Amino acid sequence: MITTVIAALILGMTAKEQASPVPVSELRGLSVSDAVRRLGATRDPAPAISMIGPQGWVDVYPVQALTPPAPRGQVCDVRLVPPERADYPVQLYRPNAWAGAYPRTAAVYVVARDGRVVEVLNPPMRAQPPRAQGESAERYTRRLTLEGRDPWLSVAPGRLPLSDLDGFLERRPDLATPAEAVVKRACQRAPIILAKPSTELRADTTGVLQGLALLPFAWRLPALNEQRREAQVRGSALFARMRLGEVVPGGSARFAAENPGVRSYVDAEDPAYEVLSIDMGAEASNNLARMNAAALVGVRDGRVVWLADGGAAAGLGLLDSMCVDGARRATDHRPGCSNTGYFYP
């Protein structure tokens with residue numbers, strides 16, 4: 001491994017912006033516009049997920065979309081904390097910066113029905129089972145990764161997500177934030193990290209050998225990046241054609257067959273319900289792995305009932321739930337799922 005001496009200049013160690021904490025109880029019942037003002041934002045947020053539920057129109061927002069944009073040169077984070085930690089200063093780039101905050105598996109989300117906040121979600125952490133006697137570290141890690149998965153947006157493991165639309169609000173009360181929780185936002189100037197090679201660099205050839213090992217595959221990068229850009233343009237255009245309440249153009253199966261990067265999935269126990277995945281591409285990079293974003297579209301009886309953009313589909317656990325089977329294992333039981341439960345469009 002190449003040995004380096006890292007010198008970090010942390011500018012503005014004190015958080016430049018510690019917005020006033022907002023109790024979750026004060027957000028519930030507010031209109032989205034009032035919640036945005038209460039959290040300090042000055043722009044209308046775009047929902048990450050929209051759906052037509054049995055009780056009305058539902059939008060789901062990452063809570064950060066309802067807060068102000070980060071000041072120039074700064075990074076901001078939003079967490080849920082107990083009231084006794086609401087006024088504690090947060091240093092984002094220090095160990096245990098959010099000590100005492102409620103644990104989370106994804107971003108905090110705000111759910112609004114017909115324009116009014118009905119819930120704030122903080123998906124629960126999955127409990128880790130104990131390591132079995134004699135179980136190797138590798139086997140234990142694999143078991144943690146693949147088994148005991150909780151597809152909380154599905155009515156049951158192995159089912160397609162959101163078939164009951166916003167039914168998860170009643171079905172999974174453990175998704176709701178604790179009644180006493182407080183939304184806390186902290187911002188801090190991003191650190192500048194300067195890396196200077198050590199005197200041992202010339203004698204260390206590991207990095208060089210690693211680079212040479214990947215060199216035979218480097219010729220793929222230009223074409224791969226072009227595919228990523230094409231998928232971005234094509235996927236955005238296809239996703240824009242989806243309208244809540246309207247029929248999928250030509251039907252789901254035909255739409256998937258005629259458009260590259262689109263897949264159609266039918267729920268085995270509820271054949272009137274389908275999910276479309278749309279390849280949303282990725283930014284050009286030096287990464288040879290194919291890790292494009294995916295938007296998802298819920299369809300019932302041929303009509304669009306919910307829409308989730310690429311970020312929401314990943315962050316809210318929708319993509320994970322596509323790859324969980326009936327035994328709660330992350331598997332490749334559906335097209336687009338790897339054998340470790342990673343979904344790729």
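The structure displayed is predicted, hence computed values, not measured ones.
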J.: Tell me whether the count of non-hydrogen atoms from other residues, nucleotides or ligands lying under 6.0 Å of CD in Glu283 goes above 12.
T.: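 No, because the 6.0 Å sphere around CD of Glu283 holds 12 heavy atoms or fewer from other groups.
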J.: Is it true that Leu153 and Met322 fall in one hydrophobic cluster, defined by side-chain heavy atoms closer than 4.5 Å?
T.: yes
J.: Taking Thr145's backbone N and O only, do any of them form a donor-acceptor pair with Arg149's side chain (distance below 3.5 Å, no angle check)?
T.: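 Yes; judged by distance alone, with no hydrogens or angles, the pair exists.
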J.: Say you draw a straight line from CG of Asp34 to CG of Leu27; how long is it, rounded to the nearest 0.5 Å?
T.: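 Nearest 0.5 Å value for the CG-CG distance: 10.5 Å.
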J.: So Val36 and Asp44, do their side chains get closer than 4.5 Å, heavy atoms only?
T.: no
J.: Measure the OG1-CZ distance between Thr42 and Arg37 for me, rounded to the nearest 0.5 Å.
T.: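 So the OG1 of Thr42 and the CZ of Arg37 are separated by 11.5 Å.
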J.: Hey, does the side chain of Arg142 reach the backbone of Thr340 with a donor-acceptor pair shorter than 3.5 angstrom?
T.: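 Checked: no pair found.
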J.: Are Arg303 and Glu246 close enough for a salt bridge, meaning some N to O gap below 4.0 Å?
T.: no
J.: With a 3.5 Å distance limit and no angle check, can you tell me whether Asp267 reaches the backbone of Tyr273 through a side-chain donor-acceptor pair?
T.: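 Here the side-chain-to-backbone pair does not exist.
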J.: Given side chains that start at C-beta, do those of Arg38 and Pro23 come closer than 4.5 Å, heavy atoms only?
T.: yes
J.: If Ile, Leu, Val, Met, Phe, Trp and Tyr residues are connected whenever their side-chain heavy atoms lie under 4.5 Å apart, and connections chain through other members, are Ile52 and Val111 in the same group?
T.: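 In one cluster: no.
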J.: Taking Arg234 for the side chain and Gly281 for the main chain, is one N or O donor matched with an acceptor at less than 3.5 Å?
T.: no
J.: Report the distance from atom OG of Ser154 to atom CG of Leu162, rounding to the nearest 0.5 Å.
T.: 7.5 Å
J.: Taking side chain as C-beta onward, heavy atoms only, is Arg300 less than 4.5 Å from Ser163?
T.: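 Counting from C-beta outward, Arg300 and Ser163 do come under 4.5 Å.
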J.: Partners of Arg143 by side-chain hydrogen bond (donor to acceptor under 3.5 Å, both in side chains), sequence neighbours excluded?
T.: Glu135
J.: After noting the C-alpha distance and the side-chain angles of Arg159 and Asp270, does the key distance pass the side chain to side chain contact (heavy atoms under 4.5 Å, CB included) rule?
T.: CA-CA 9 Å; Arg159 300 286 301 278; Asp270 184 4; 3.6 Å; yes
J.: Just wondering, do Trp98 and Asp77 contact through their side chains at under 4.5 Å, heavy atoms?
T.: yes
J.: Count the heavy atoms of every other residue, nucleotide or ligand shown that sit under 6.0 Å from CZ of Arg229, and state whether that count exceeds 12.
T.: yes
J.: How long is the straight-line distance from CD of Glu147 back to OG1 of Thr331, given to the nearest 0.5 Å?
T.: 11.5 Å
J.: Can Phe168 be reached from Val155 by stepping across I, L, V, M, F, W or Y side chains whose heavy atoms are under 4.5 Å apart?
T.: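 In one cluster: no.
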J.: Checking Arg43 side chain against Thr67 main chain: does a donor-acceptor pair fall under 3.5 Å?
T.: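 Checking the backbone N and O of Thr67 against the side chain of Arg43, a donor-acceptor pair under 3.5 Å is found.
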J.: Restricting to non-hydrogen atoms, name the atom on Pro103 and the atom on Asn122 that form the minimum distance, rounded to 0.1 Å.
T.: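 In terms of heavy atoms, the two residues are closest at O-ND2, 3.0 Å.
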J.: Check whether any side-chain heavy atom of Val78 sits under 4.5 Å from a side-chain heavy atom of Arg185, and report yes or no.
T.: yes
J.: Counting only N and O atoms by type, is there a donor-acceptor contact under 3.5 Å from the side chain of Arg116 to the main-chain atoms of Gly29?
T.: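 Yes, the answer is positive, given that a donor and an acceptor are paired below the 3.5 Å cut-off.
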J.: When you look at CZ of Arg139, are more than 12 heavy atoms from neighbouring residues, nucleotides or ligands closer to it than 6.0 Å?
T.: no
J.: If hydrophobic clusters are built from ILVMFWY residues whose side chains come within less than 4.5 Å, do Met51 and Leu319 share one?
T.: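 Yes, same cluster.
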J.: Got more than 12 heavy atoms from elsewhere within 6.0 Å of CD, Glu138?
T.: no
J.: Is any side-chain heavy atom of Leu80 closer than 4.5 Å to a side-chain heavy atom of Val63?
T.: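 When only atoms from C-beta onward are counted, Val63 and Leu80 do not touch, as no gap falls below 4.5 Å.
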J.: Give the minimum heavy-atom separation between Cys76 and Gln64, together with the two atoms involved.
T.: O-NE2, 3.4 Å
J.: Grouping I, L, V, M, F, W and Y whenever their side-chain heavy atoms are under 4.5 Å apart, do Val304 and Leu296 come out in a common cluster?
T.: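 No, no single cluster joins them.
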J.: Would a distance-only check, ignoring hydrogens and angles, find a side-chain to backbone donor-acceptor pair under 3.5 Å from Asp114 to Trp57?
T.: yes
J.: Rounded at 0.5 Å granularity, tell me how far CZ in Phe255 sits from CE in Met242.
T.: 3.5 Å
J.: List the steps, then state whether side chain to side chain contact (heavy atoms under 4.5 Å, CB included) holds for Tyr102 with Thr177.
T.: CA-CA 9 Å; Tyr102 291 103; Thr177 61; over 6 Å; no
J.: Does the pair Val58 and Arg113 meet the rule for a side chain to side chain contact (heavy atoms under 4.5 Å, CB included), with working shown?
T.: CA-CA 4 Å; Val58 176; Arg113 182 182 287 129; 4.2 Å; yes
J.: Within a radius of less than 6.0 Å around CG of Asp87, do more than 12 heavy atoms belonging to other residues, nucleotides or ligands occur?
T.: no
J.: On a heavy-atom basis, which atom in Ser264 and which in Ser252 lie closest, and how many Å separate them?
T.: OG-CB, 3.9 Å
J.: Indicate yes or no: does Arg172 engage Asp174 in a salt bridge with an N to O separation below 4.0 Å.
T.: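 Asp174 and Arg172: salt-bridged.
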J.: Taking all non-hydrogen atoms of both residues, which atom of Pro161 and which atom of Trp306 are closest, and how far apart?
T.: O-CZ2, 3.8 Å
J.: If a pair satisfies salt bridge (Lys or Arg N to Asp or Glu O under 4.0 Å) and one of its residues is in residues 46-63, list it, with sequence neighbours excluded.
T.: none
J.: Identify the heavy atoms of Gly100 and Pro82 that sit nearest to each other, and give their distance.
T.: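 Looking at all heavy atoms of both residues, the closest pair is O-CD, 3.1 Å.
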J.: Quick check: do Ile278 and Ser236 have side-chain heavy atoms less than 4.5 Å from each other?
T.: no
J.: Donor-acceptor pair, Arg28 side chain versus Ala179 backbone, under 3.5 Å?
T.: no
J.: Could you check if a side-chain atom of Leu307 sits within less than 4.5 angstrom of a side-chain atom of Phe239, using non-hydrogen atoms only?
T.: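 Touching, per the 4.5 Å side-chain cut-off.
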J.: So, for Leu66 and Ala41, which heavy atoms are closest and what is the spacing to 0.1 Å?
T.: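 Result for this residue pair: O-CB, 3.2 Å.
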J.: If only atom types and distance count, is the side chain of Tyr140 paired as donor or acceptor with the main-chain N or O of Pro130 below 3.5 Å?
T.: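 No, because the side chain of Tyr140 does not come within donor-acceptor range (under 3.5 Å) of the backbone of Pro130.
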J.: Kindly indicate whether a cation-pi arrangement holds for Arg85 with Tyr88, taking the cut-offs as under 6.0 Å to the six-membered ring centre and within 45° of the axis.
T.: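 Yes, a cation-pi geometry.
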J.: Could you state the interatomic distance from CG (Leu238) to CG (Asn259), rounded to the nearest 0.5 Å?
T.: 4.5 Å
J.: Tell me, with the steps shown, if Asp150 and Arg328 meet side chain to side chain contact (heavy atoms under 4.5 Å, CB included).
T.: CA-CA 7 Å; Asp150 180 16; Arg328 296 185 179 272; 4.0 Å; yes
J.: Keeping Lys184 on the side-chain end and Pro21 on the backbone end, is there a donor-acceptor pair under 3.5 Å?
T.: no
